[in-house]
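Single-structure report; data block below.
Because only heavy atoms are used, hydrogens play no part in the values below, and waters and symmetry mates are left out as well, while side chains stay in.
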Amino acid sequence: GSGYRGARTGSYSPQHLLQLACERLGMTIEEAITATTWNAACSLRMTTVAGSVEPGKQADISILDVKDYRDLAERHGHSWYE
């Protein structure tokens with residue numbers, strides 16, 4: 001996901017990548033989340049150690065204060081403090 005048109009985008013923000021996937025590729029937020037987690041691990045053949053939140057797997061986790069996960073693609077790059 002982060003290599004998507006790297007010369008133009010240049011963002012490593014997971015929230016921004018979700019927004020790009022939904023806006024530019026027409027994915028639903030669920031498809032975008034799957035593409036950036038599980039599918040990425042599948043493409044690297046790493047599903048035994050990454051790609052989903054399970055005991056024993058490695059994880060980089062972002063905790064965002066949103067009312068609904070579907071809001072993740074709406075305001076990329078913004079802090080969610082209200």
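Apart from M46 itself, the hydrophobic cluster it occupies contains L44, V49, where clustering links Ile, Leu, Val, Met, Phe, Trp and Tyr at side-chain heavy-atom distances under 4.5 Å.
Remark: L72 CG to H16 NE2 distance equals 14.0 Å, nearest 0.5 Å. Taken to the nearest 0.5 Å, the CG atom of N39 stands 10.0 Å off from the CD atom of E31.
Judged by distance alone, with hydrogens and angles left aside, the side-chain atoms of E23 form no donor-acceptor pair with the main-chain N or O of L20 at under 3.5 Å.
Smallest separation of non-hydrogen atoms from D68 and R70: OD2-NH2, 2.7 Å. Residues L18 and A73 share a closest heavy-atom pair of O-CB, 4.1 Å. Annotation for A41 and G51: closest pair CB-CA, 3.5 Å, computed over non-hydrogen atoms. Residue A50 comes nearest to K57 through the heavy atom pair O-NZ, 3.9 Å, listed as atom of the first residue, atom of the second, then distance.
When side chains are defined from C-beta on, I33 counts as touching Y69, because their heavy atoms get closer than 4.5 Å. Counting heavy atoms from C-beta on, the side chains of C22 and I29 come closer than 4.5 Å.
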